[in-house]
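The structure appears below as structure tokens.
Per chain, numbering begins at 1; letters A, B, ... match sequence-line order. Just so you know, these numbers come straight off a predicted model, no measurement behind them.
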2 protein chains.
Amino acid sequence: MSNLNIYTKKLRESSLRPTRQRLKICEVLFSPDKTFHFTINDLTKILEEKLSEKISLATVYNTVHAFKKKGYLKEISINSDKSYFDTNVTDHHHFFDEDTNELIDCGDKEIDSINIKKNITGKKIKSVEVLIKVATDNQNQN
Amino acid sequence: MSNLNIYTKKLRESSLRPTRQRLKICEVLFSPDKTFHFTINDLTKILEEKLSEKISLATVYNTVHAFKKKGYLKEISINSDKSYFDTNVTDHHHFFDEDTNELIDCGDKEIDSINIKKNITGKKIKSVEVLIKVATDNQNQN
DNA sequence: ATTTACATTAAAATAATTCTAAACTGTTGA
DNA sequence: TCAACAGTTTAGAATTATTTTAATGTAAAT
């Protein structure tokens, strides 16, 4: 299946029509061989660099959120400053480098499985995420 | 030591002068026997209910951030919507109830210790936090 | 080809947070 | 004690991230 068809499929599965703008977004998100992390701002900048025409911020937000809802993107919460997204939607954890504000993957296998002894009555566990903040040294610990 | 003196001490240690407004904030944050979670918005509402005079938002932000910096409060990242703070500054993890948007403590002892096999060269681990999202059932998994 | 429902866009609206500048108040030391 | 200074408070403006709006444009079904 061609990339174009893959993108079209992803869009349709997210209840989105394959428009010129959305296909461009797909190209940026899903064509690299490595998964990566980005903020909406990052994505917008990449799009602007790649394109002659520019895509409205609203479209970027809508598309990213539709993909997130469908599970084609993951949102990572680090601080309230910004939303980080991850094109790697498999189960994994993260390092956050406080010096550079960068996210680094930490595979499921790099942390011993987490055994939770407590449970909340009537509630089901939806996700378990570990965030490891790192910095060079005497940084503020947040 | 009287509560007032405790508050004054905490403020001074955070490089803040003990003013009327700040002492009121201390009273709300540090007098309850149980620790609790709050957003700036929550805190402002509590202050408004308790007080005849009102405290400016800027003062609330400044004071909370100074306490966070000093380590008298902890910030918890759940999503980008809001900043949650915790008056429990000991090492522990959290459940986040997606139905009610409530944070629930999960003691250090309720999760087996986390063994991280990977490390980032030249970086030191500053914190390890586990966030367990829960919901009644077929909720969106975020 | 036409129609219709969904999309795109710029600009306005909203929400959380930070900044500003003027008025005020702890604190220090004469 | 009290003047003088340095730090504080405050309302409101500014900023930033995100969402909404409403007019115009476009994919897809007939």
Side-chain angles (χ1 to χ4, degrees), chain A residues 4-5 7-28 37-48 51-70 73 75-85 101 142, chain B residues 4-5 7-28 37-48 51-70 73 75-85 101 142:
Chain A
L4 198 89
N5 287 337
Y7 303 157
T8 302
K9 188 161 176 266
K10 288 203 176 201
L11 284 166
R12 289 223 182 282
E13 285 172 355
S14 309
S15 326
L16 295 176
R17 283 183 185 167
T19 62
R20 198 171 61 255
Q21 293 87 341
R22 285 173 180 160
L23 287 168
K24 273 295 168 195
I25 294 174
C26 283
E27 202 177 308
V28 171
H37 305 105
F38 65 93
T39 64
I40 295 285
N41 198 31
D42 296 338
L43 179 54
T44 307
K45 273 205 197 108
I46 298 171
L47 286 166
E48 271 169 11
L51 268 65
S52 42
E53 70 180 322
K54 96 160 155 275
I55 300 182
S56 137
L57 249 191
T59 300
V60 179
Y61 272 100
N62 292 342
T63 307
V64 165
H65 282 130
F67 280 145
K68 174 192 154 180
K69 194 174 169 193
K70 179 61 188 177
L73 289 175
E75 189 169 5
I76 318 290
S77 307
I78 288 124
N79 55 47
S80 35
D81 299 356
K82 244 159 200 163
S83 275
Y84 288 75
F85 292 89
N101 270 33
N142 180 216
Chain B
L4 198 91
N5 286 337
Y7 303 157
T8 301
K9 188 161 174 268
K10 288 202 174 198
L11 285 167
R12 288 221 183 286
E13 284 173 358
S14 310
S15 325
L16 296 177
R17 284 183 185 168
T19 62
R20 199 170 63 254
Q21 293 87 340
R22 286 175 179 160
L23 287 168
K24 274 293 167 194
I25 293 174
C26 283
E27 203 178 307
V28 171
H37 306 105
F38 65 94
T39 63
I40 295 285
N41 197 33
D42 295 339
L43 179 54
T44 308
K45 273 204 197 109
I46 298 171
L47 286 165
E48 271 171 10
L51 270 67
S52 41
E53 70 179 324
K54 94 159 158 279
I55 299 181
S56 136
L57 249 190
T59 301
V60 178
Y61 271 100
N62 290 342
T63 307
V64 165
H65 282 131
F67 280 146
K68 175 191 154 182
K69 191 173 172 193
K70 180 62 189 176
L73 289 175
E75 190 168 7
I76 319 290
S77 307
I78 288 125
N79 55 49
S80 36
D81 298 356
K82 244 162 200 157
S83 274
Y84 287 75
F85 291 90
N101 270 33
N142 181 217

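Residue-level contact check: B/Leu57 touches the bases, meaning some heavy atom is under 4.0 Å from a base atom. Within the nucleic acid shown, B/Ser15 comes within 4.0 Å of sugar-phosphate atoms alone, with no base atom in reach, counting heavy atoms only.
Note: CG (B/Leu47) to C1' (D/dT9) measures 14 Å, nearest angstrom. Look at CZ on B/Arg22: it is 11 Å from C1' on C/dT25, rounded to the nearest Å. In this structure, CD1 of A/Ile25 is placed 13 Å from C1' of C/dT9, rounded to the nearest angstrom. As a whole-Å value, the separation of B/Glu75 CD from C/dA16 P is 14 Å. Per the geometry, CG belonging to B/Leu16 stands 10 Å off C1' belonging to D/dG7, to the nearest Å. A/Ile40 places its CD1 atom 12 Å from the C1' atom of D/dT19, with the value rounded to the nearest Å. Straight-line distance from the CD atom of A/Glu53 to the C1' atom of C/dA7: 13 Å, rounded to whole Å. The distance from atom NZ of A/Lys54 to atom C1' of C/dA10 is 9 Å, rounded to the nearest whole Å.
At D/dT10, one or more side-chain N or O atoms of B/Gln21 fall inside 4.0 Å of OP1 or OP2 (strictly under the cut-off). Listed pair A/Thr59 / C/dA7 fails the phosphate criterion, with no side-chain N or O lying under 4.0 Å from OP1 or OP2. In this structure, B/Tyr61 does not reach the C/dT18 phosphate: none of its side-chain N or O atoms is under 4.0 Å from OP1 or OP2. Listed pair B/His65 / C/dT17 fails the phosphate criterion, with no side-chain N or O lying under 4.0 Å from OP1 or OP2.
Annotation: side-chain hydrogen bond (donor to acceptor under 3.5 Å, both in side chains) contacts of B/Thr39 (sequence neighbours excluded): B/Asp42. With sequence neighbours excluded, the residues forming a salt bridge (charged side-chain N to carboxylate O under 4.0 Å, His left out) with A/Lys24 are A/Glu27, listed by chain and number. With sequence neighbours excluded, the residues satisfying side chain to side chain contact (heavy atoms under 4.5 Å, CB included) with B/Lys70 are B/Glu13, B/Ser14, B/Tyr72. Partners of B/Phe38 by ring pair (Phe, Tyr, Trp, His ring centres under 6.0 Å), not counting sequence neighbours, listed by chain and number: B/Phe36, B/Phe85.
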Distance-only donor-acceptor hits, side chain of residues 16-23 of chain A, under 3.5 Å, sequence neighbours excluded:
from, atom 1, to, atom 2, distance (Å)
A/Thr19, OG1, A/Arg22, N, 3.3
A/Arg20, NE, A/Glu53, OE1, 3.4
A/Arg20, NE, A/Glu53, OE2, 3.2
A/Arg20, NH2, A/Glu53, OE1, 3.3
A/Arg22, NH1, A/Arg17, O, 3.0

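Between B/Asn41 and B/Lys45, some side-chain heavy-atom pair lies under the 4.5 Å cut-off.
Rounded to the nearest 0.5 angstrom, A/Ile25 CD1 and A/Ile46 CD1 are separated by 11.5 Å.
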| said: Can you build the contact string for nucleotides 20-30 of chain D? Use B for base contact, S for sugar-phosphate-only contact, and - for no protein heavy atom under 4.0 Å. | reply: B------BS--
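In this structure, the nucleotide among D/dT9, C/dA10, D/dT18 sitting nearest to the side chain of A/Ser56 is C/dA10.
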